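The next block holds one structure in the form of structure tokens; read it before the comments.
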Amino acid sequence: MLTTRFVNGAPNWIDVGSPDIDGAASFYGTLFGWQFESAGPDAGGYGFFQLDGRTVAGGMQTGPGQGPPAWTVYFQSEDAQATAKAAEGAHGRVLFQPTDVMGQGHMAVLADQAGVRFGIWQPGRTKGVDVAGEPGSLCWVELYTPDIAAAAAFYRRVLGLETSGVPFPGGTYTCVNPDGAGEDAMFGGMVPLADAPDEAGPGPYWLPYFEVVDTDAVVEQVQRLGGTVRMPATTLEGVGRMAKLADPYGVRFAVIRSEPAQG
């Protein structure tokens, strides 16, 4: 699962673009116990979601022309410029050129060969989120894509990611981990869009999972807060109890109460 022992290629940041950041802050605050803190007058409205004083995500208000409301997953790169060039060479696109973020690091926003938006964070003073894999924080990411083989080749070339097949009810699940890091460093998976009818919507995308203590209670809260249940709470043996949801602005995410690792 995801941890803050960040290595190249692994997710190290996540943020949400919302048409109503105050409303989003209220929603996620109630759901996960987050508090939203502004990054200051020079940050263009960007801020940080914190859990017990530790940063778990970022967020900002978005407007017309900035794309639909969504969570963006960022992956660690030791050289954002080189990663952006590699994405272009692998038939992806650079949506936002690599830029220094007030000395905290360098970021870029890219699109893969299928048009899926994702971010790059080259650590500076800020290495990444302060907490991952704990209740109320990012624990897993999943790519819904029309072509697993093409996606695996793209992310291998651009981020050095490795994929492996794991037996799964009804087929095989494609797991993802950083180059040479082994199964213990798995942080996500790839799922064919054709095999996921619940993912019908505006194209392929990365879906973040947040760890929770009680999946069913979170599902009930989402409905009370005006969000949407896209897949009801479901138990997957050996994995945990999960649900796929959307906030009141249509931003998709998932939650899971993970089963303890067997050892």
Side-chain angles (χ1 to χ4, degrees), residues 1-7 10-18 20-43 45-61 69-76 101-105 107 119 121 123-141 184-185 187-188 206-227 233 240-249 251-261:
M1 299 296 282
L2 191 62
T3 73
T4 53
R5 298 189 300 273
F6 300 123
V7 296
N12 62 350
W13 191 258
I14 185 169
D15 61 22
V16 66
S18 176
D20 180 0
I21 193 60
D22 291 334
S26 177
F27 175 84
Y28 292 106
T30 302
L31 212 59
F32 299 136
W34 294 353
Q35 292 183 316
F36 186 71
E37 302 289 342
S38 170
D42 297 328
Y46 198 88
F48 304 111
F49 290 106
Q50 295 189 315
L51 179 64
D52 299 327
R54 300 180 295 173
T55 299
V56 292
M60 70 177 297
Q61 183 116 352
W71 281 103
T72 299
V73 179
Y74 293 74
F75 299 85
Q76 180 164 304
V101 183
M102 298 184 289
Q104 299 299 318
M107 62 86 68
W121 181 253
R125 291 195 295 268
T126 296
K127 304 305 179 184
V129 295
D130 293 331
V131 56
E134 299 179 16
S137 69
L138 183 69
C139 65
W140 191 256
V141 296
D184 289 343
F187 62 75
W206 280 100
L207 177 72
Y209 280 71
F210 298 98
E211 186 72 30
V212 295
V213 173
D214 187 333
T215 301
D216 295 86
V218 170
V219 168
E220 291 179 7
Q221 278 189 316
V222 165
Q223 291 174 305
R224 287 199 301 269
L225 295 169
R241 188 161 177 79
M242 66 189 71
K244 295 178 183 177
L245 310 164
D247 72 16
Y249 313 101
V251 176
R252 296 175 287 186
F253 66 99
V255 297
I256 183 170
R257 176 183 171 89
S258 301
E259 288 193 9

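Since this is a predicted model, take the numbers as computed values, not measurements.
- With hydrogens and angles disregarded, no donor-acceptor distance shorter than 3.5 Å links the side chain of R257 to the backbone of V212.
- Ring centroid separation for the pair F75 and W206 comes in under the 6.0 Å cut-off.
- Using a 4.5 Å heavy-atom cutoff, the side chains of M60 and D15 are not in contact.
- Within the 4.5 Å cutoff, no side-chain heavy atoms of L51 are placed close to those of F32.
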Give the intermediate values and the outcome of side-chain contact (heavy atoms from CB on, under 4.5 Å) for residues F48 and R54. CA-CA 9 Å; F48 304 111; R54 300 180 295 173; over 6 Å; no
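- The distance between the ring centers of Y28 and F210 does not fall below 6.0 angstrom.
- Under the 3.5 Å distance criterion, the side-chain polar atoms of T55 are left unmatched by any main-chain donor or acceptor of A57.
- Side chains of E211 and S258: a donor on one and an acceptor on the other come within 3.5 Å.
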Show your reasoning for whether side-chain contact (heavy atoms from CB on, under 4.5 Å) applies to V218 and L245. CA-CA 10 Å; V218 170; L245 310 164; 4.1 Å; yes
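- You'll find the side chain of Q104 reaches within 4.5 Å of the side chain of W121, heavy atoms only.
- Between the side chain of T215 and the main chain of R241, a donor-acceptor pair closer than 3.5 Å is present.
- Counting only distance, with no hydrogens or angles, the side chain of Q50 and the backbone of Q35 share no donor-acceptor pair below 3.5 Å.
- Minimum heavy-atom separation, T4 to A132: CG2-N, 3.8 Å.
- The two residues Y249 and G23 have their closest heavy-atom pair at OH-CA, 3.2 Å.
- Put simply, the side chain of N12 reaches to within 4.5 Å of the side chain of Y74, judged on heavy atoms.
- Of all heavy-atom pairs spanning L138 and P11, the tightest one is CD2-CB, 4.5 Å.
- Within the 4.5 Å cutoff, no side-chain heavy atoms of L31 are placed close to those of V255.
- Side-chain N or O atoms of R125 include one that pairs as donor or acceptor with a backbone N or O of M102 at under 3.5 Å.
- Here the closest non-hydrogen pair linking S137 and E134 is OG-O, 2.6 Å.
- Within the 4.5 Å cutoff, the side chain of I256 has no heavy atoms near those of the W140 side chain.
- Considering only heavy atoms from C-beta on, V56 stays 4.5 Å or farther from V129 through its side chain.
- Using a 4.5 Å cut-off on side-chain heavy atoms (C-beta onward), F6 and P123 make no contact.
- Scanning both residues, A25 and F36, for their nearest heavy atoms gives CB-CB, 3.7 Å.
- In summary, the aromatic rings of W34 and F49 are positioned with their centroids under 6.0 Å apart.
- P248 and F27 make their closest contact through CD-CD1, 3.4 Å (heavy atoms, listed as atom of the first residue, atom of the second, distance).
- Distance CG/D130 to CG/D52: 11.5 Å, rounded to 0.5 Å.
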